[in-house]
Amino acid sequence: MPKIKIIIVEDETIIAEDLQQTLRDFGYSVPSIVRSGARAIEEAEKHNPDLILMDVRLEGAMDGVETAKRIKLQLNIPVIFVTAYVDDKILKQAKVVEPYGYLVKPIDERELKSTIEIALYRVKMETELRKNEEKYRILVEGAADFIFMIDKDNKILSINKSALMFFEKKSEEIIGRSIFDLFPKEIAEDYSETIKGVFKTGTVNISEAKLITDKKQIWASTILNPVMDSNGKVTSVIGLSRDITERRDMQNELQKTNMFLHSILDSSSHVSIISTDSERNIIYWNKGAENILGYKSEEMVNRRKIDILYFDEESKDMAEKIRYDIYNNKESVSCDIKEKTKNGDMVWINMTLTPRFDEKGQVAGILGMGQDITERKKAEVELSQAEEKYRMQFEGALDAIFVADTETGIIIDCNPAASKLVGRDKSEIIGQHQRILHPPEKIEQKFTATFMQHVKDKQGQTLETQVITRDGEIRHVAIKANIFEFRGKKISQGIFRDITEQKKAEREKEKLQAQIIAQSRLASIGELASGLAHEIGNPLQTILGNTELLLLERKTNETQAIKTAVLYAKQIIENLLTFSRQRKINLTRVNINDLLEQSLSLYGKQLELKKIKVIKEYNDLPGINISSLHIEQVFLNLITNATKAMPEGGTLTIATKRTVEIGKTVGKASANPEFIEISFKDTGVGIKREDLMRVFEPFYTTRSHGTGLGLSVSYGLVQQHGGEILAFSEGEGKGAEFVVKFPTK
């Protein structure tokens, strides 16, 4: 701990040195001894001592009193005067400086010690007092409450910032003025009487009243404390006012709310309101409870326990569990519970049970509000039964059923048959848009348009479309859709019936009918062609023979033209004979891949010149019994057609493979026969849909020249071998494909 520093200001050297030694013996530090006032100020600034021993009479212009004044003013360092003369004049001069003691020479050591200790203690106390004053000043100035001091004449002695802000005035505009200058007369008179009472009784006054000025008013809670002197006389009053306007407003609102709630409780005829204490005694029973349960308030309040309402052991146990939860968790509980009326009937009550708390925050009872939901419960049971019936029908339906939100198209439910139809789990379907069910090309076509029509017209329609499984399989379905409302939302229910096999059977039937018609037509044409070939063949042979004789005698252009025309007619007769199956077919064992290579070798140069690229996709094939001459003609006809379809060049893909067609009948055998399949696929001009059905008819051609017998002859030759030939095309500009099938046996 640092030593106390004391500077000695003394113009007598022996006295000064004697004082220095004594002070050091006491344990003090003496950093400096000076003889004049000017030097004393310099040393005080330099060492900042705790105390100065100052001789009243000093050398130089300043005496000790003047020096002490300046030191106090500049440095606020306490001073003890030392003097050899004690008279009234000196004392009067010294009092102005407010010294911390006087020592008369010669100085007694004990007196010196005690005077210094008292002075240091006084300095310490004054320092603490200044700190406390500053602290309280800050608290007063920073307080949100109004703090003020008033004398017995109602004049304001002091006031803090919060009060100044309320009055919207500066400190100098209020301090020293009467409360009658700040408040309306009637209000000021009331305040004055209250203040007089404090001065008279010397007791604290607490009140709530309005503080009103010309500009504003608030409700304030005010405490007036008397300030007394040492004789117990009240010299002033300190007041503290707190703005309680918001609290008063809340109290008023609470009072209004309580009145409102009380009126509700008394007037609620359809809601039972029952309150119980911690012992389950009924302490409140409203009109609604009377109407629902049949008991009058006077029968129940403070007379019965709530247990009288328990309908059976189940409801009793449930009520006890709820009561336990409320008392332990201190939270509200909602539930449906059975209760017994005065007549013994059972009613269902929807209850909201809320804990009531005492002033210590402990649950003191329970307030229950209930509504009779007996009819609703009956309806719920009936609805549940209906829903269960519907659910059984829904889940057990053989047809797929999808339920979707009409606004969003999101699927919200589906049955097991629906999952089976599209090969997806229910969890993969629900929550997805209905487009997940359909092939991409169908989404923006018929299905979406019809779906929107359902939503618009609220009418169910039946349509046929396609669905796609998770594995990418396309299946045909007939959809019966219905629109209905459920809980305020439009819902679409689609019943999907799988008609894939039906569609397949229909296509097979159509194909079979077309084949029968074509065969019947071709047979008729064949009979006609056979007759014509026979009747016309002989005259043509005569014309040809005579023409050749004429050419031997004299070769002319006209004669050569006749021969060419006759040969062309003869070729037509040959085709007609082939078409009419009048020629015998000799069968040999042939490998189709080899026969294709032989056919292509005849056309190789022409294909190259026409810029047609041939892609071969051959598979290993067994040999089959066919007429290589006639089937080679078929292949040449198909290659010729493909070449003509690609006048600017293109690609011809020829592929072979073995296939098995389940359930197909060939001859007498019908147990999954095996076929060899040859396809000719070009990238040419394609075939129109209306032409595709007639390409194998004799004399039917879409070209400007040609007989139209090539494909019909090929058709007849393939059929003579027990096979079939099919034509496919997506339309004009999309190429065409001809597929030839021969049974392996």
Side-chain angles (χ1 to χ4, degrees), residues 334 336 350 373 376-508 510 662 730:
S334 295
D336 294 344
N350 174 249
I373 58 168
R376 192 187 82 187
K377 279 289 184 180
K378 290 179 181 178
E380 286 178 356
V381 171
E382 293 174 359
L383 179 61
S384 177
Q385 292 173 347
E387 287 179 347
E388 181 62 23
K389 181 179 179 181
Y390 165 77
R391 177 57 59 180
M392 291 175 65
Q393 293 174 344
F394 181 78
E395 296 292 334
L398 297 178
D399 290 328
I401 303 175
F402 295 92
V403 181
D405 185 331
T406 56
E407 292 184 6
T408 63
I410 300 299
I411 300 170
I412 58 178
D413 200 1
C414 66
N415 67 346
S419 295
K420 183 178 179 181
L421 174 65
V422 296
R424 297 176 184 270
D425 292 336
K426 190 173 183 178
S427 60
E428 297 178 78
I429 300 172
I430 294 177
Q432 298 294 323
H433 194 275
Q434 51 88 8
R435 67 171 62 93
I436 194 178
L437 305 177
H438 304 282
E441 65 272 12
K442 294 292 181 182
I443 291 175
E444 302 301 332
Q445 298 175 9
K446 186 176 181 182
F447 180 80
T448 299
T450 305
F451 182 84
M452 296 310 298
Q453 192 67 32
H454 290 168
V455 176
K456 181 180 178 182
D457 298 341
K458 296 184 180 179
Q459 295 178 353
Q461 299 183 24
T462 301
L463 70 147
E464 290 185 5
T465 186
Q466 296 173 344
V467 296
I468 185 169
T469 69
R470 180 168 55 183
D471 297 332
E473 180 186 357
I474 304 298
R475 301 197 69 80
H476 294 270
V477 292
I479 303 177
K480 172 69 175 178
N482 293 291
I483 305 297
F484 58 91
E485 289 194 4
F486 179 69
R487 295 178 180 174
K489 294 184 69 175
K490 290 180 181 178
I491 301 298
S492 170
Q493 182 191 65
I495 302 174
F496 288 50
R497 176 161 292 179
D498 189 348
I499 58 172
T500 304
E501 296 303 320
Q502 177 184 330
K503 279 286 185 182
K504 185 177 179 181
E506 288 175 357
R507 287 196 299 270
E508 289 292 334
E510 290 174 359
I662 299 174
E730 293 294 325

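For the single chain, residues carry numbers from 1 onward in sequence order.
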* To do: Report the C-alpha separation of Asp413 and Arg391 in whole Å, then their side-chain angles, then the decisive distance to 0.1 Å, and conclude whether the salt bridge (Lys or Arg N to Asp or Glu O under 4.0 Å) test is met.
  => CA-CA 11 Å; Asp413 200 1; Arg391 177 57 59 180; 3.1 Å; yes

Provide the closest heavy-atom pair for [X] versus [Y] in the form atom of the first, atom of the second, distance.
X: Glu395; Y: Pro416; result: OE1-CD, 2.8 Å
X: Ser419; Y: Cys414; result: OG-SG, 4.2 Å
X: Thr406; Y: Ile491; result: CG2-C, 3.7 Å
X: Asp336; Y: Arg376; result: OD2-NH2, 3.6 Å

Just how far is it from atom [atom1] of [X] to atom [atom2] of [Y], taken to the nearest 0.5 Å?
X: Ile411; Y: Glu428; atom1: CD1; atom2: CD; answer: 12.0 Å
X: Ile468; Y: Arg435; atom1: CD1; atom2: CZ; answer: 14.0 Å
X: Lys490; Y: Thr408; atom1: NZ; atom2: OG1; answer: 13.0 Å
X: His438; Y: Thr465; atom1: NE2; atom2: OG1; answer: 6.0 Å
X: Asn482; Y: Ile495; atom1: CG; atom2: CD1; answer: 6.5 Å
X: Ile429; Y: Leu421; atom1: CD1; atom2: CG; answer: 8.5 Å

* **4.5 Å side-chain heavy-atom contact, Val467 and Phe402** => no

* Within-4.5 Å side-chain heavy-atom neighbours: Val477 and Leu437 -> no

Got a donor-acceptor contact below 3.5 angstrom from the [X] side chain to the [Y] backbone?
X: Arg497; Y: Ala478; value: no
X: Asn415; Y: Phe394; value: yes
X: Asp471; Y: Glu473; value: no

* **Glu730 atom CD, neighbour heavy-atom count above 12 within 6.0 Å** =>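 No, because the 6.0 Å sphere around CD of Glu730 holds 12 heavy atoms or fewer from other groups.
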
* Lys/Arg-Asp/Glu bridge criterion (N-O < 4.0 Å) met for Asp399, Lys480 ->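 Looking at Asp399 and Lys480, the cut-off is not met.
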
* Among Arg475, His476, Lys420, Lys503, which residue meets the side chain to side chain donor-acceptor pair (under 3.5 Å) test with Asp498? -> Arg475

